[in-house]
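Below: the structure, in structure tokens.
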Amino acid sequence: MTTGTGGPVASFSVWDYVVFVGTVLGAAGIGLFQAIRGRKNTSSDEFLLGGRQMTAVPVAMSLTASFMSGITVIGTPAEAYRFGAAFWIFGISYAIMSIITAEIFVPLFYRLGITSTYEYLEMRFNKLIRVIGTTMYIIQTALYTGMVIYAPALALNQITGLNLWGVLVATGVVCIIYCTLGGLKAVIWTDVFQMVIMLAGFVAVIARGAVIQGGLGKIWDDCYQGGRLNLFDFDPDPLKRHTFWTIVVGGSVMWASIYSINQSQVQRYISCKTLTQAKLSLYVNMIGLWVTVSLAVFSGLTMYSIYKNCDPLTNGDVGALDQLLPYLVMDILAAYPGVPGLFVAAAYSGTLSTVSSSINALVAVTVEDFIRPVYKNLTDKQVTWMNMGLSVFFGFLCIGMAAIASLMGSILQAALSIFGMISGPLLGLYLLGMFWCTANSTGGLTGLIVGLVITLWVGIGAQIYPPLADKTNPLPISVAGCNRTQDLNYTTLAPWTSAVTLTPLPDDRPALADSWYSLSYLYFCLLGTLVTVIVGLVVSAITGGCKQEKLSSDLFVRRSDLFCAGCGKDSEASEPEINEKAGSKLKKGSNNAGFQDPQFNIVEKDVEKVTKM
């Protein structure tokens with residue numbers, strides 16, 4: 001069969017299975033190694049935060065791998081193939097997100113020495129808001145993780161014909177094993193290994209595609225002719241799916257919500273030795289995100305160059321957009337034993353890193369926000385066993401959520417929509433608390449609820465009534481060069497025709513479907529953030545926010561936090577103040593005795609002096 005002309009493709013060879021299984025066992029082995037190496041130190045701080053002794057580079061690679069999941073490996077190239085290379089503009093969003101997170105959120109969280117991000121909500125507002133915030137995070141993360149497990153399981157099912165649900169359960173079990181035994185250190189070092197595998201998978205696809213097409217220049221030219229390189233659409237219409245403004249403005253806020261307040265990410269950078277290392281990890285992570293998204297988008301452009309005259313989706317060779325890249329891999333790489341195995345290992349590695357991060361973070365917030373406040377006298381050994389038990393529980397919960405993910409259509413957009421709908425109002429709540437001293441708990445709670453209701457309304461509406469093609473702007477495709485155009489119900493290619501299809505359009509569309517429900521999914525987060533902040537400020541003003549008792553300055557963003565690597569005079573000058581207040585007013589965050597940053601940690605004698613004063 002000539003490449004790029006449609007029809008059945010090869011299946012997995014023995015060497016592909018060997019490479020794939022070797023990669024997965026290698027990942028699990030890293031987890032076991034970390035468990036054995038750290039068996040003497042079984043404290044909760046070691047399990048959840050790596051003893052706060054990690055350095056910037058492995059943490060940065062872990063940050064990148066966590067959200068560059070199997071969804072990215074499979075979804076981003078398909079996005080570039082169908083809608084063009086506009087996804088590249090996310091590079092600007094990643095830079096803005098990194099600056100916001102490193103300069104505003106990291107100093108605050110580091111200063112307070114917290115384990116769960118949601119401890120801050122209790123310090124700033126009250127216990128109820130902390131519980132609601134944690135619950136929202138658990139729901140969001142479980143749903144997202146279900147999608148992350150489902151995506152590569154689908155790819156593996158298509159390439160190998162292995163049972164889809166068998167693959168799903170196997171994925172969850174591998175993650176449970178090294179999360180349960182190794183804790184955060186295992187997760188971070190495994191992520192580093194998986195990041196390398198992920199990038200190698202993309203490089204293999206691009207290199208082979210360039211050889212087939214006659215060079216990278218030919219791929220670029222094909223994409224230019226096919227309209228795939230029109231990156232900069234400056235149309236301000238908020239209903240258009242991807243424009244320069246939706247990606248830079250909406251995308252920046254959405255990614256800021258993921259990196260600034262999402263426990264999976266915060267847990268990593270507060271595991272760093274020092275504040276400087278924590279900030280550095282975010283900037284190195286930014287470069288990692290640029291490299292990953294560039295390779296993913298170029299893989300999609302390579303796929304377009306090969307299939308420009310025979311679209312596998314229209315031709316009936318695959319059943320959904322997210323199945324295109326696995327199909328391409330078997331089409332162009334099957335002649336090289338082991339290489340398709342490397343690609344599936346890449347998609348799978350993205351999944352393992354994200355699922356393990358999610359499980360570890362879910363355990364951290366459950367222990368810190370629900371168990372410790374109720375059972376205050378637990379021994380370290382009891383907490384360690386509880387951490388392990390919860391890792392198993394959340395692992396199986398995420399496997400269950402994969403069943404829901406199978407009903408949600410395009411996985412890349414669905415995953416980002418979930419973050420927008422839930423993280424947006426939560427980000428608004430944090431900003432409200434960090435920047436406005438007049439905001440009170442009544443205003444914060446009201447703003448959070450109203451913001452959540454509005455984002456769920458628009459998000460669920462958009463899922464039921466997807467925007468029409470004039471808003472999503474799919475680019476033209478062709479089947480003129482196919483050997484034969486198959487019936488879409490063609491059944492003999494079992495591994496390649498899946499029950500998963502894009503969400504169908506209902507016949508009767510309400511008036512809101514082409515206005516409110518067509519809002520770009522990248523604006524969900526911005527909408528939730530703005531509504532929460534505005535409603536929160538108004539309600540706080542009405543309910544006496546200006547008259548509430550004065551709060552500790554540690555709970556707010558300081559001028560010295562901004563664009564300071566944590567080593568200037570301002571930090572040193574404010575050190576006694578930080579620790580004095582941390583000892584008195586910030587009681588609720590004081591259970592993190594393992595906090596070891598030399599800049600914000602004073603010796604016992606100084607603590608005694610402060611106490612006497």
Side-chain angles (χ1 to χ4, degrees), residues 3-4 64-65 67-95 151-152 155 194-233 242 244 247 251 285-309 311-313 321-333 336 339-340 342-347 349-350 410-413 473-475 477:
T3 299
T64 306
F67 281 98
M68 291 293 134
S69 61
I71 288 177
T72 309
V73 175
I74 290 172
T76 307
E79 167 75 29
Y81 171 84
R82 192 71 184 89
F83 298 98
F87 220 77
W88 247 325
I89 304 174
F90 271 104
I92 301 172
S93 303
Y94 297 147
Q194 288 160 353
M195 185 73 197
V196 173
I197 296 291
M198 242 193 297
L199 297 181
F202 284 137
V203 170
V205 169
I206 294 167
R208 179 63 184 147
V211 170
I212 290 172
Q213 295 303 98
L216 296 175
K218 175 70 165 64
I219 292 174
W220 194 258
D221 188 54
D222 284 342
C223 293
Y224 178 76
Q225 299 294 336
R228 261 63 185 173
L229 300 181
N230 298 329
L231 273 70
F232 299 102
D233 177 1
H242 281 171
F244 179 83
I247 293 175
N285 159 69
M286 175 180 73
I287 296 167
L289 290 173
W290 285 345
V291 171
T292 309
V293 81
S294 295
L295 288 174
V297 169
F298 207 85
S299 296
L301 297 180
T302 303
M303 182 157 57
Y304 173 74
S305 178
I306 291 171
Y307 293 133
K308 60 184 179 293
N309 295 320
D311 173 44
L313 187 61
L321 201 60
D322 299 313
Q323 300 171 8
L324 283 169
L325 192 62
Y327 179 83
L328 172 74
V329 167
M330 294 315 299
D331 195 3
I332 68 173
L333 292 171
Y336 301 89
V339 180
L342 177 71
F343 167 76
V344 177
S349 294
S410 175
I411 51 171
L412 184 66
Q413 180 171 329
N473 299 327
L475 295 171
I477 46 179

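Bear in mind that the values here come from a model prediction, so they are computed numbers and not experimental data.
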Using every non-hydrogen atom in the two residues, find where [X] and [Y] come nearest and quote the distance to one decimal.
X	Y	answer
I219	S305	CA-OG, 3.7 Å
G91	W290	O-NE1, 2.8 Å
P77	L325	CG-CD2, 3.6 Å
I206	F298	CG2-CD2, 3.7 Å
L333	A204	CD2-O, 4.1 Å
A296	F202	CB-CZ, 3.6 Å

Distance (rounded to the nearest 0.5 Å) between [X] [atom1] and [Y] [atom2]:
X	Y	atom1	atom2	result
R208	I306	CZ	CD1	8.5 Å
D222	W220	CG	CH2	12.5 Å
Q213	I332	CD	CD1	9.0 Å
S93	M286	OG	CE	12.5 Å
L313	Y307	CG	OH	12.0 Å
L324	E79	CG	CD	12.0 Å

Is there side-chain contact between [X] and [Y], with heavy atoms separated by less than 4.5 Å?
X	Y	result
I92	I247	no
L475	Y304	no
L295	V205	no
L301	L229	yes
L328	Y81	no

F90 vs H242 aromatic rings, parallel, tilted or perpendicular, using cut-offs 30° and 60°? perpendicular

What class does the angle between the rings of F232 and F244 fall in, given that below 30° is parallel, 30 to 60° is tilted and above 60° is perpendicular? tilted

Criterion side chain to side chain contact (heavy atoms under 4.5 Å, CB included) on K308 and R228, from CA distance to verdict: CA-CA 11 Å; K308 60 184 179 293; R228 261 63 185 173; over 6 Å; no

CZ (F83) with more than 12 external heavy atoms under 6.0 Å: yes

